[in-house]
Amino acid sequence: MKLEGIHHITAITADAQRNVDFYAGVLGLRLVKKSVNQDYTSVYHLFYADENGDPGSDITFFEYPGVNRGRPGAGMVHRIVWRLAGSEALDFWESRLADHGSEPHRLPDSVVFDDPEGLTHELRVVEVPDEPLIANHPEIPAELALQGFHAARAYAADPERSRALLEDTLGFAPPVEVGPGGTILSREIRGERRGSFYLYEPPPAAPPLQGAGSVHHIAWAAPPEEIEAWQQRVAAAGARPTPIIDRHYFRSVYFREPSGVLFEIATIGPGFTVDEPPEHLGEKLSLTPKFERLRDQIEPTLTPLRNPRESWAPR
Ligand code: ZN
């Protein structure tokens with residue numbers, strides 16, 4: 001039983017329209033699902049991914065309109081690393097991000113920047129055997145586009161506490177020391193088809209604060225038939241997982257790993273085409289069967305969103 005790297009990463013936004021404008025309009029991801037928070041249906045849950053809505057490329061946001069900025073600290077993912085194919089993509093993104101008001105920071109193999117709410121991303125040139133997960137965008141040539149997640153970086157005060165759960169229970173590789181002075185620990189998690197890295201580094205002094213621009217949780221991908229076994233394995237390790245929860249697009253188990261980061265294991269499939277055809281993903285408000293009968297009450301409470309795709313010329 002192996003986890004297939006990162007499934008999705010969920011963060012918080014205070015402004016859904018600005019979020020769509022940045023992730024779909026600037027970064028070129030596809031808005032593949034426009035739904036509501038299943039625990040709080042008056043706020044959006046937005047999902048961006050590659051053209052097919054594949055796990056491994058899916059960043060999602062809960063909207064809490066007007067919520068204060070968060071502050072990453074111990075027990076939180078604070079940087080999301082995406083794959084690029086080559087160094088010409090670094091030039092492209094450095095220039096594109098600057099043109100759109102970000103302040104990209106160029107490193108030898110990557111470009112680092114914050115989204116409009118302070119969530120840090122890194123676009124990194126990597127060589128991996130995994131299939132590139134790319135979305136279409138008229139201003140972004142496919143060979144320069146984001147290719148899916150590569151890694152997530154988290155702050156941990158005492159990363160040793162997480163070792164047993166990560167390595168013995170979840171199947172992460174032993175850590176490799178990277179970064180200045182070996183202060184960053186990088187572990188690979190690799191399945192049959194995809195892999196990702198999970199990194200720990202020492203936290204800043206200030207305590208963490210959930211809010212706009214902060215990561216809420218990270219999900220790891222599992223084959224659908226293995227979710228029950230994962231739930232039992234995590235429970236046997238004493239990590240107190242939730243029961244399996246049906247999220248309609250996948251089934252999920254949640255638990256907090258010992259360094260404090262909220263983990264989810266989510267199934268690969270049934271996926272975002274379960275309630276919309278592939279060519280129309282994300283265009284209308286999707287409600288799960290439980291909430292569909294409340295559509296007339298839910299939809300009017302949500303601010304209409306402009307999707308940059310609506311303005312694209314027919315192809
Ligand atoms: Zn999730």
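Nothing here was measured: the structure is a model prediction, and the numbers come from that model. Ligands are counted one by one from 1 in listed order, and the atoms in each one are counted from 1 as well.
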Participant: Do Glu117 and Arg69 sit within salt-bridge range, that is, some charged N less than 4.0 Å from a carboxylate O?
Facilitator: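 Salt bridge absent between Glu117 and Arg69.
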Participant: Within rounding of 10°, what is the angle whose vertex is the Zn ion (ligand 1) and whose arms end at OE1 of Glu264 and NE2 of His8?
Facilitator: 100°
Participant: Going from CZ on Phe272 to OH on Tyr249, what distance comes out if it is rounded to the nearest 0.5 angstrom?
Facilitator: 7.5 Å
Participant: Please state whether the separation between the Zn ion (ligand 1) and some N/O/S atom of His7 is under 2.8 Å?
Facilitator: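 Checking His7: none of its N, O or S atoms is under 2.8 Å.
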Participant: Strictly under 2.8 Å, is any N, O or S atom of His217 next to the Zn ion (ligand 1)?
Facilitator: yes
Participant: Looking at Lys33 and Asp275, is there a salt bridge between them, counting it only when a charged N and a carboxylate O are closer than 4.0 Å?
Facilitator: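 Salt bridge present between Asp275 and Lys33.
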Participant: Checking side-chain hydrogen bond (donor to acceptor under 3.5 Å, both in side chains) between Glu264 and each of Arg247, His7, His8, His216, which is the one that passes?
Facilitator: His8
